[in-house]
Number of protein chains: 2
Amino acid sequence: MIMNGLQNISEIKKCPVQYVLAINDTLNVISGKWKLPILASILYGNYRYKDIQTNIDKITPRMLSKELKELELNGVITRNVYDSTPVRIEYKMTESGKNILTVLDAMVDWGVSHRKSTLKHSD
Amino acid sequence: MIMNGLQNISEIKKCPVQYVLAINDTLNVISGKWKLPILASILYGNYRYKDIQTNIDKITPRMLSKELKELELNGVITRNVYDSTPVRIEYKMTESGKNILTVLDAMVDWGVSHRKSTLKHSD
DNA sequence: ATTTTTACTATACAAAAGTATATCAATATA
DNA sequence: TATATTGATATACTTTTGTATAGTAAAAAT
């Protein structure tokens with residue numbers, strides 16, 4: 001952990017390169033317009049291309065393909081081809097992918113309390 | 001919290017709009033090329049425009065100004081004008097802003113364990 | 001035999017994000 | 001008086017990200 005109730009700046013000075021890389025990895029997985037909707041959709045139970053596309057609805061096939069490929073490449077989801085007839089393709093979260101929910105939890109917590117603290121009624 | 005050791009999908013189905021908004025707020029604060037370097041620099045103790053610019057070094061004044069304005073607008077930092085001579089301007093984290101470290105902690109944790117689980121040596 | 005569904009790809013384009021470079025006004029320093 | 005420093009802004013440009021729209025191949029349904 002970086003922070004555990006830090007009192008002065010000296011405690012924060014140590015930020016190994018590994019941490020920076022880790023943060024960037026995480027950011028890559030969740031940033032962009034469609035990453036979270038896609039992950040949410042798969043977590044929700046939409047495993048097939050068409051299901052995800054229908055569920056998100058404003059996404060273009062180009063974007064969906066692009067993002068699915070990237071998420072697969074990053075080890076967050078898997079693409080499984082079932083050799084049934086007709087051929088079925090299912091995208092599913094990896095075990096590691098599922099754990100991204102812990103990050104989303106932290107984001108929800110901060111976002112909610114930040115909204116409270118700033119009391120912004122105008123967005 | 002969204003997730004507390006969920007076993008089946010039904011547990012995840014409830015995701016209030018508030019949470020989505022909160023996540024987007026959080027993403028806005030940390031995404032983009034320069035947000036985290038700037039926040040890190042301020043947390044590290046660089047409060048003045050020039051200090052931050054020198055510390056980050058490849059950032060252009062246009063980007064630094066733009067991002068500082070946005071971070072201020074989002075209630076993450078404050079811009080304080082000290083009427084000394086010469087006039088001194090200092091950017092500092094708000095209390096709420098400092099708490100973003102909890103999100104970064106979660107991101108580091110996930111990123112590190114995800115790297116371990118995928119063992120990617122090729123980036 | 002024709003249409004529909006699934007799972008995409010291709011091409012062109014628009015918008016957003018970021019870069020490069022020059023400039024500025026106020027004050028301080030040599 | 002000339003130069004440097006601080007805290008920026010202005011303009012033009014490139015790159016990245018996302019949109020719009022059409023098309024495709026393989027199989028299934030009508």
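A note on names: the letters A, B, ... follow the listed sequences, proteins ahead of strands, and every chain is numbered from 1. Side chains are part of it too, since the values below use all heavy atoms of this structure and drop only hydrogens, waters and symmetry mates.
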Please step through side-chain contact (heavy atoms from CB on, under 4.5 Å) for the pair A:L104 and A:L101, ending with a clear verdict.
CA-CA 5 Å; A:L104 300 189; A:L101 281 170; 4.1 Å; yes
Under-4.0 Å salt bridge between B:E72 and B:K69:
no
Considering only NZ, NE, NH1 and NH2 on the basic side and carboxylate oxygens on the acidic side, decide whether A:R88 and A:E90 come within less than 4.0 Å.
yes
Does [X] have a side-chain nitrogen or oxygen under 4.0 Å from the phosphate oxygens OP1 or OP2 of [N]?
X	N	value
A:K66	D:dT19	no
A:Y47	C:dA7	no
B:Y91	D:dA8	yes
B:R88	D:dT6	no

How close or far is atom [atom2] of [N] from atom [atom1] of [X], stated in whole angstroms?
X	N	atom1	atom2	result
B:K69	D:dG7	NZ	P	15 Å
A:Y49	C:dT5	OH	P	16 Å
B:Y82	D:dG7	OH	P	12 Å
B:D83	C:dA26	CG	P	15 Å

Do any of residues 55-65 of chain B sit with a heavy atom less than 4.0 Å from DNA chain D, and if so which?
B:P61, B:R62, B:S65
4.5 Å side-chain heavy-atom contact, [X] and [Y]:
X	Y	result
A:I52	A:I56	yes
B:M63	B:K33	no
A:I89	A:Y47	no
A:L21	B:R115	yes
B:L36	A:I23	yes

Any residue of residues 27-38 of chain A with a heavy atom less than 4.0 Å from an atom of DNA chain C:
none
From C-beta outward on A:I89, which listed nucleotide comes closest to its side chain: C:dC8, D:dG7, D:dT9?
C:dC8
With the side chain of A:P86 defined as its heavy atoms from C-beta on, choose the nearest nucleotide among C:dT9, C:dA28, D:dA27.
D:dA27
Per nearest nucleotide of DNA chain D, the residue lying toward the 5' end, B:K50 or A:E67, is B:K50
Please name the pair of heavy atoms, one in B:M93 and one in B:L43, separated by the smallest distance, quoted to 0.1 Å.
CG-CD2, 3.8 Å
